Amino acid sequence: MRIEAIDGYSARCQAKGIWREVSLLMLQDEMPQVGDFVMVHVGFAVETMPEEDALASWALFDQILLESDATSPPS
């Protein structure tokens, strides 16, 4: 997710139009900045990552979902 705003140890993040409040407590030794991309697990940012890696991950997830939808039996 991309950090859009920071207030103390809380960040407003978004990914593909989904917004979340994310705790930065686990990254307090090297606080991320607005514009950074973070990996989020159960509401906590656990790692800062380069933009290229974040975008590549999203593209891969999109591809997996597309292929999964194509092979799912109709309901």
Side-chain angles (χ1 to χ4, degrees):
M1 301 192 87
R2 182 181 176 149
I3 297 175
E4 300 292 333
I6 296 175
D7 181 17
Y9 289 110
S10 182
R12 180 89 170 135
C13 301
Q14 76 88 19
K16 295 185 163 265
I18 305 298
W19 293 85
R20 295 283 185 267
E21 291 294 325
V22 174
S23 173
L24 300 176
L25 193 60
M26 295 180 74
L27 299 178
Q28 64 184 330
D29 291 337
E30 292 187 34
M31 284 292 285
Q33 304 296 315
V34 171
D36 286 349
F37 288 81
V38 290
M39 186 178 302
V40 177
H41 180 66
V42 294
F44 289 87
V46 294
E47 182 179 347
T48 303
M49 59 192 314
E51 179 178 8
E52 301 80 30
D53 291 352
L55 297 177
S57 295
W58 289 339
L60 181 59
F61 293 142
D62 287 343
Q63 181 180 357
I64 290 168
L65 288 172
L66 182 65
E67 290 180 17
S68 174
D69 287 345
T71 60
S72 296
S75 306

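Note: hydrogens, waters and symmetry copies are ignored here, and every other heavy atom, side chains too, is used. Being a predicted model, the structure only gives us computed values, none of them experimental.
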Just how far is it from atom CG of D36 to atom CD of E30, taken to the nearest 0.5 Å? 11.0 Å
pair W19-M1: side-chain heavy atoms closer than 4.5 Å: no
Does L25 belong to the same Ile/Leu/Val/Met/Phe/Trp/Tyr cluster as M49, with side-chain heavy atoms less than 4.5 Å apart forming each link? no
Residue pairs involving residues 53-66 (criterion salt bridge (charged side-chain N to carboxylate O under 4.0 Å, His left out); sequence neighbours excluded): K16-D62
What pairs with E21 under salt bridge (Lys or Arg N to Asp or Glu O under 4.0 Å), at least two apart in sequence or on another chain? R12
Are F37 and V42 connected into the same hydrophobic cluster when the rule is that any two of I, L, V, M, F, W, Y join if their side-chain heavy atoms are below 4.5 Å apart? yes
Would the number of heavy atoms belonging to other residues, nucleotides or ligands and lying under 6.0 Å from CE of M31 be above 12? yes
Are side-chain heavy atoms of L55 and E52 found at a separation under 4.5 Å? no
Quick one, L24 and P32 - any side-chain contact, counting heavy atoms below 4.5 Å? yes
So which heavy atom on I3 is nearest to which on A11, and how close? CG2-CB, 4.1 Å
Rounded to the nearest 0.5 angstrom, the OG-CZ distance for S68 and F61 is 13.5 Å
If Ile, Leu, Val, Met, Phe, Trp and Tyr residues are connected whenever their side-chain heavy atoms lie under 4.5 Å apart, and connections chain through other members, are V38 and V34 in the same group? yes
Working to the nearest 0.5 Å, report the span between SG of C13 and CD of E4. 8.0 Å
Shared ILVMFWY cluster between V22 and Y9, side chains joined below 4.5 angstrom? yes
If I compare all heavy atoms of H41 with all of V46, which pair ends up nearest, and what's the gap? CB-CG1, 4.2 Å
